[in-house]
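Only one structure is covered here, and it is reproduced in the block below.
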Amino acid sequence: MNRRIVKILALLSLITLSACTFTYLPPIPQVQTRTPQLEFAAESGLKFETELSLQLSLRTIPESGWLAVQWFSPRNKELASDSIWLEPEDAGSTREIFLPADIALTPGRWRALVSFKGQIVRQFSLGLKKQ
């Protein structure tokens with residue numbers, strides 16, 4: 001009878017202990033694909049020679065749409081905006097957008113905020129010193 005009790009206790013402990021182990025295998029998650037986004041090459045950025053301009057080297061254009069640029073002064077005030085239409089075939093080209101000539105340049109950090117189809121893509125900045 002002693003052996004019978006030991007076997008029953010062993011069976012009960014095996015059942016009890018197996019309930020504590022990880023027996024649920026979650027389903028394999030779906031592979032998430034990366035949606036294509038507007039990408040610029042490394043040489044893109046603000047330039048100042050005789051006037052302030054934003055040079056954009058377009059690496060990838062996922063679909064047709066408007067690219068908008070907002071210009072901000074060192075005082076963080078939006079001074080101007082511009083937009084250009086992009087097509088996927090424009091990938092590999094370079095576009096240059098100029099700050100309007102009637103805006104006086106002051107020393108400090110100038111910024112250009114770039115958005116594509118209503119979503120912010122990137123911000124470029126350039127510090128100008130007194131001349």
*Start with the C-alpha gap between L38 and L86, add the side-chain angles, then the distance that decides, and say whether side-chain contact (heavy atoms from CB on, under 4.5 Å) holds.*
CA-CA 10 Å; L38 180 69; L86 296 179; 4.3 Å; yes

*Please step through side-chain contact (heavy atoms from CB on, under 4.5 Å) for the pair I97 and I84, ending with a clear verdict.*
CA-CA 9 Å; I97 302 169; I84 56 173; 4.1 Å; yes

*Please step through side-chain contact (heavy atoms from CB on, under 4.5 Å) for the pair W71 and S81, ending with a clear verdict.*
CA-CA 6 Å; W71 294 94; S81 63; 5.8 Å; no

*Apply side-chain contact (heavy atoms from CB on, under 4.5 Å) to Q55 and T94, showing your working.*
CA-CA 7 Å; Q55 185 175 2; T94 300; 3.5 Å; yes

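Two residues are said to be in side-chain contact when any heavy atoms from C-beta on lie closer than 4.5 Å; D82 and L99 fail this criterion. The shortest distance between side-chain heavy atoms of S115 and R122 does not fall below 4.5 Å. Contact of the F40 side chain with the V114 side chain is registered, since non-hydrogen atoms from C-beta on lie closer than 4.5 Å. When side chains are defined from C-beta on, D90 counts as touching R95, because their heavy atoms get closer than 4.5 Å.
Smallest separation of non-hydrogen atoms from F98 and S53: CD2-CB, 3.5 Å. The nearest pair of heavy atoms linking K47 to L126 is C-CD2, 4.1 Å. The minimum heavy-atom distance linking L54 with A112 is given by the pair CD2-CB, 4.1 Å. Between P107 and P74, the shortest heavy-atom contact is O-CG, 3.6 Å. Between A80 and I103 the shortest heavy-atom distance is CB-CD1, 3.7 Å. Between A41 and R59 the shortest heavy-atom distance is CA-NH2, 3.6 Å.
Note that CZ of R111 and CD of Q123 are 4.5 Å apart. Values are rounded to the nearest 0.5 Å. Here the CG atom belonging to L128 is positioned 6.0 Å from the CG atom belonging to L52, to the nearest 0.5 angstrom.
More than 12 heavy atoms of other residues, nucleotides or ligands lie within 6.0 Å of CD in E96, so this atom counts as buried by the packing criterion.
A centroid separation of less than 6.0 Å is found between the aromatic rings of W85 and W66.
Checked against side-chain hydrogen bond (donor to acceptor under 3.5 Å, both in side chains), S125 has the following partners two or more places apart in sequence or in another chain: R109.
Side-chain atoms of E87 and S64 form a donor-acceptor pair, as typed in the model, at a separation below 3.5 Å.
F72 belongs to a hydrophobic cluster with L113, I120, counting contacts under 4.5 Å between side-chain heavy atoms of Ile, Leu, Val, Met, Phe, Trp and Tyr, direct or through other members.
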